[in-house]
Protein chains: 2
Amino acid sequence: MLPNAPTPEKLDPRVKRTRSLIRQAFSELLAEKGFGALSVQDIAERAEINRATFYAHYPDKFALLKETLRQAFRAELEKRTLSACHYSEDNLRALIVTVCEFIARSNEHCKASEQQFDSLIENQVRRQIQELIELWLSQRGAAQPQTAATAAAWAIYGLAEGWVRQKNRPPVEAFAEQVLPLVAGNLK
Amino acid sequence: MLPNAPTPEKLDPRVKRTRSLIRQAFSELLAEKGFGALSVQDIAERAEINRATFYAHYPDKFALLKETLRQAFRAELEKRTLSACHYSEDNLRALIVTVCEFIARSNEHCKASEQQFDSLIENQVRRQIQELIELWLSQRGAAQPQTAATAAAWAIYGLAEGWVRQKNRPPVEAFAEQVLPLVAGNLK
DNA sequence: CGGCAATTGTCGGATAAACAACATAGGAGA
DNA sequence: TCTCCTATGTTGTTTATCCGACAATTGCCG
């Protein structure tokens, strides 16, 4: 498992409700207007909560986007059981595929590509790739897991973004297979 | 319009949420277990609210059922724009049809026919029929609207229930047409 | 019959959410 | 430029909900 915030299973039902309403409203508005055009007011109105309540849970809309992205990406990883695994070439290949599809889907899902949005998703996703690879490496007792993980994470994200930008993309699996050695070499 | 509780349009969003959750949980449980087998505990758990909160809104599950039935029947009336109309034979016929279908649908919708449930639905529905007919009669300036309305309401409900009990029911419209004179005679 | 488990209403105290108000900042248009 | 309008964070107060507990009731099983 990824290092998890020790979520207390028994949470006040009021905060569960509020968070759920906020997330729901946020994802709706994200699809409708895009991230830049959407205000905290909008979220509060749509979720039918008080605006002050929003600030009791998130410092601003950027923090909400961060959390949303983290959770979505983590869910994607866990769906493919990547977070519990040790390092292997197969897992690395699967990770690359996951990142490619996640970025592609985020770009469809959100309205238009926006500066704020793009840099934020980059940071969050790259950070998580790095955490995962660090975990893999430290499980093997590798020396200097941080530097190797940093390089690999940046490389993977950059490659994935490049793939997404292409006009006529090759199939994800083929692309992943192609770039695999570029990343795997430094992790051996 | 029927005499309406002057619902303040701006209601605390918390109570809107809570009531909505309670109603939702209640109707689910009603369909699953029936009214008799369902406890306040069940409702609170399903709705994910505290049991004490339920009692802040309803004295017991019977009150909740009453409100639910009133609202459902009123909605049915308003859908057919019966509540805003004056008296006429057409409206009376439509009222009879409405009652028949409402009782029939309630019996399907709820699990098994139960004593508590049946007497409660009878009371609530009959009371509303009576209110509506009283309104019709008083709008025409009729003398003694209460006694005539009482008789008509009981008659309509009894006839409708009889129709529902039949093994091979005739079409509702035919039945309504048939019994119409039994009721209309006293309202002229 | 007697316990035993579950449900019921109700209470007091703790806490999240609502609400109204405020100062601030930024954008649109005269 | 100035004005108007809207969004932003933040605060203090009030209110609805949560939570744990309690005695009383009910129904069921041995």
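Reminder, nothing fancy here: chain letters follow the sequence lines and each chain counts from 1.
Using cut-offs of 30° and 60° on the angle between ring planes, the pair A:Phe117 and A:Phe35 is tilted.
Side-chain atoms of A:Asn123 do not come within 3.5 Å of backbone N or O of A:Leu120 as any donor-acceptor pair. Remark: the backbone N or O of B:Ala149 is not paired with any side-chain donor or acceptor of B:Trp136 at under 3.5 angstrom.
The minimum heavy-atom distance between B:Val164 and B:Ala104, with the atom names listed, is CG2-N, 4.0 Å.
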Original post:
What string of B, S and - do you get for nucleotides 7-20 of chain C, 5' to 3', if B is base contact, S is sugar-phosphate-only contact and - is no contact with any protein heavy atom under 4.0 Å?
Top reply: SBBBB---BBBSB-
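Rounding to whole angstrom units, CG of residue A:Leu64 and P of D:dG9 are separated by 13 Å.
Side-chain N/O atoms of B:Glu28 and B:Gln24 include a donor and acceptor closer than 3.5 Å.
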